[in-house]
Number of protein chains: 2
Amino acid sequence: MKVLNCPLFSNIRAEEVKKLYICLRAKEVKFEQGAEICAYDSGKGVLGVVTSGEVVIKKIDPNGNSTILDHIQKNGVFSDVFAFTSTEVNFIGAYASLPTTVVFLDYPSVFKRCENACEYHSTFVENFLKIVIEKSKTLSQRVEILSNKTIREKVLSYASIAVKNSGSLTFTLPMSLTSFAEYLCVDRSAMMRELKKLSSQGVLKTNKRVFTVLDKKYI
Amino acid sequence: MKVLNCPLFSNIRAEEVKKLYICLRAKEVKFEQGAEICAYDSGKGVLGVVTSGEVVIKKIDPNGNSTILDHIQKNGVFSDVFAFTSTEVNFIGAYASLPTTVVFLDYPSVFKRCENACEYHSTFVENFLKIVIEKSKTLSQRVEILSNKTIREKVLSYASIAVKNSGSLTFTLPMSLTSFAEYLCVDRSAMMRELKKLSSQGVLKTNKRVFTVLDKKYI
DNA sequence: TACAAAATGTTGCAAAAACCACAAAAGGTG
DNA sequence: CACCTTTTGTGGTTTTTGCAACATTTTGTA
C-alpha cells in the first residue's frame, strides 16, 4: 500500500504513516470506472481516502435521477460521517468516476488511542479536524447560495463569493455550466435564460465559463 | 469565569479546563438581549461557547431582511471558522437573542501545542472534531433538503429524515411553521398551500406543527 | 481527421412558486 | 381580562421555473 501524501497525513513522516495505517486498520481497494464504492448509510461510518482516480458522491432518487453532491479528487477524503446520509427516499453513495484506488480507514479507531502511535495520532486528528472544518465551510457556503429563492439570486450569490475569493470582477467557473446548474439545484435551460437576461440588463456578462460582474453594486 | 460544562470540554476535569482556558486565551463577555456579538467575517476566526442565554446566527441582506441561519443554545459552540461567511452582499453575524454570556477562545491556539496542557489539549481537539462533524452533518442534511426543486419535495425530504430520526410516522416540528418555511427557503403561504394539497391527497396530514406521514411509500 | 459524446444555446408551454393582502386563531404580558 | 404580537390559514395574480425538444458548438478520442 502506497504511503499517502494527502492532507490527512500532513506533518507525519512516512514511517509514522505506516504505523497509523495499522492503528486505523487501513485497507486499500481498487475500483473500476463507474463502480459503486460504498453506500452512505452504514451505521459505522465510512472514511475513505482517494489515492488515485476520482470519486463522486451521488444521490439517486426513486425515479432513478441522479444528482452529484460532491467530487473528491486524488488525496481527497470522503465520508458519510461528516456529510450526507441516505434516506428512505434517496439513496446516496460514492462512485468511481475513473479507475480509482481508495484507502479505507476505520472511523471508530480515530477516537481510540493505541499505545504505539499516539504522538502521530494527535497530528492525524488535527489534520482530520482541518479537513472537516474545510468541508463544513464549503457546505455552509452552498447553503447560503441555495437559500436564495430565485435563479438570479443564486447566480449572483455565487458570483459574489467567487468575486470575493478571486479578488477580481472576472472569474472562471471551475465546472461546466451543466454542472453549475446542478450545483445551484436549478434547471439548466432556465439558468441559461437567466444568464442571458443578466447579460442584457448589463449586470453580469458570461461567455461560456467566464463570468464578469459589470458592477460590484449588483452583487 | 465559570468552568464550562459543554461538549467541547467533555472528558476533561475542571482543573485541566482551567489550564486550557489559559492555553486558549479564554475571555468571557456578557451581552444584552439583541446585542451584536460579532461579525462572521474576521480573518482570524471567532470561536465562541455559549455559557448562558442563546445566540442566533443571522444573515442580513442589503434590503435589511434578516434570515436566521442557526440557533446556538447553552453550552453550544459557534464559529465562522466552520460555518458561514459574510459576502459583499450579505452580512452575517452572531446576535444574543437573550441576555447571554459567551466565552471566546482563540482559534489559532487550537492548533498550537503549549508545554503544560498537551494531554488535555488532545482531548479538546477530539471534542472539537466531534462538534464540527456534527455541524457538518446538519449542514449536509440541509443541502440535501434544499437540493429539491419543488416545495413538495423539500417538505417530503424533511419528513423523510424526521421519520427516520423519530422512528414513527408522526413527528412534531421543532419550530413554528413560519420558521419552517424559512428553513426550507420557500414562501410561507406557498408552503401552506402545498401542505393542504398533500393533506387532500392523503400523503401527509398536518395539524399545526404535528406532521403525520400516511404511507411510508410517499417519502 | 473523423466520429461520437458532451456541453452550450434557444424556445414554447405548462406548472409551480413568489408576492401580496387579508382574516382568524393562538400566545404572551401587564 | 384586554391588548398586542405572532402564528396560522387562505386565495388571487404575476413571475419564475421546470420540462421537453431541438440546433449548434466544443471536446475527447479512436
Side-chain angles (χ1 to χ4, degrees), chain A residues 33-34 53-54 56 58 61 63-68 71 97-99 145-158 172-201 203-212, chain B residues 33-34 54 56 61 63-68 71 97-99 145-158 172-201 203-212:
Chain A
Q33 181 165 353
E54 190 193 51
V56 293
K58 262 198 279 192
D61 72 19
N63 305 323
N65 304 320
S66 70
T67 313
I68 293 173
H71 289 264
S97 56
L98 299 170
I145 291 166
L146 294 182
S147 74
N148 293 289
K149 291 200 181 82
T150 64
I151 294 179
R152 186 191 189 84
E153 286 168 336
K154 283 184 175 123
V155 169
L156 291 178
S157 172
Y158 181 93
T172 303
L173 283 187
M175 60 189 118
S176 70
L177 288 168
T178 305
S179 301
F180 185 50
E182 209 171 71
Y183 176 82
L184 298 182
C185 304
V186 300
D187 180 75
R188 188 190 59 82
S189 69
M191 184 189 77
M192 297 298 282
R193 182 162 35 203
E194 192 61 43
L195 288 179
K196 205 163 65 166
K197 200 170 164 190
L198 283 164
S199 196
S200 76
Q201 293 175 342
V203 176
L204 174 75
K205 296 278 174 199
T206 67
N207 184 286
K208 307 269 182 215
R209 297 178 197 182
V210 182
F211 285 44
T212 305
Chain B
Q33 181 164 352
E54 191 193 50
V56 293
D61 71 20
N63 304 323
N65 305 320
S66 70
T67 314
I68 292 173
H71 288 263
S97 57
L98 299 171
I145 291 166
L146 295 182
S147 75
N148 293 290
K149 292 202 180 84
T150 64
I151 294 179
R152 188 191 188 85
E153 286 168 336
K154 283 184 175 127
V155 169
L156 290 178
S157 173
Y158 181 94
T172 303
L173 282 188
M175 59 188 119
S176 70
L177 288 169
T178 304
S179 301
F180 185 48
E182 207 172 72
Y183 176 82
L184 298 182
C185 304
V186 299
D187 181 76
R188 188 189 59 81
S189 69
M191 183 188 78
M192 297 299 282
R193 186 162 22 209
E194 192 62 44
L195 288 179
K196 205 163 68 168
K197 200 170 166 191
L198 283 165
S199 196
S200 76
Q201 294 174 342
V203 175
L204 174 75
K205 296 279 175 198
T206 67
N207 184 286
K208 307 269 181 214
R209 298 178 196 183
V210 181
F211 284 44
T212 305

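Each chain gets a letter, A, B and so on, in the order the sequences are listed, and its residues count up from 1.
Checking side-chain atoms of B:K205 against main-chain N and O of B:S199 turns up a donor-acceptor pair under 3.5 Å.
Between B:T206 atom OG1 and B:L173 atom CG the span is 9.0 Å, to the nearest 0.5 Å. The NZ atom of B:K149 sits 7.0 Å away from the OG1 atom of A:T67 when rounded to the nearest 0.5 Å. A:S179 contributes atom OG, which lies 6.0 Å from atom CD of A:E182 (distance to the nearest 0.5 angstrom). Distance CD1/A:I145 to SG/A:C185: 10.0 Å, rounded to 0.5 Å.
Looking at B:K197 and B:R193, their side chains never come closer than 4.5 Å, going by heavy atoms from C-beta outward. When side chains are defined from C-beta on, A:K196 does not count as touching A:M192, because their heavy atoms never get closer than 4.5 Å.
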| query | Going through the distances and angles, do B:F180 and B:Y158 end up as a ring pair (Phe, Tyr, Trp, His ring centres under 6.0 Å)? | reply | CA-CA 10 Å; B:F180 185 48; B:Y158 181 94; 4.7 Å; yes

| query | Would B:L156 and B:V203 count as a side chain to side chain contact (heavy atoms under 4.5 Å, CB included) if you check the C-alpha gap in whole Å, the side-chain angles of each, and the deciding distance to 0.1 Å? | reply | CA-CA 9 Å; B:L156 290 178; B:V203 175; 4.1 Å; yes

| task | Mind running side chain to side chain contact (heavy atoms under 4.5 Å, CB included) on A:L195 and A:L177 for me, showing each step along the way? | result | CA-CA 11 Å; A:L195 288 179; A:L177 288 168; 4.2 Å; yes

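The distance from atom CG of B:L177 to atom C1' of C:dG27 is 15 Å, rounded to the nearest whole Å.
Remark: A:T178, A:R188, A:S189 in residues 178-190 of chain A come within less than 4.0 Å of DNA chain C through at least one heavy atom. Using a 4.0 Å cut-off on heavy atoms, the residues of residues 191-201 of chain B that approach DNA chain D are B:M192, B:R193, B:K196, listed by number. Across residues 145-157 of chain B, B:T150, B:I151 each have a non-hydrogen atom less than 4.0 Å from an atom of DNA chain C (numbered order).
Between C:dA7, D:dT26, D:dT8, one nucleotide has an atom nearer to the side chain of A:K208 than all others, and that is D:dT26.
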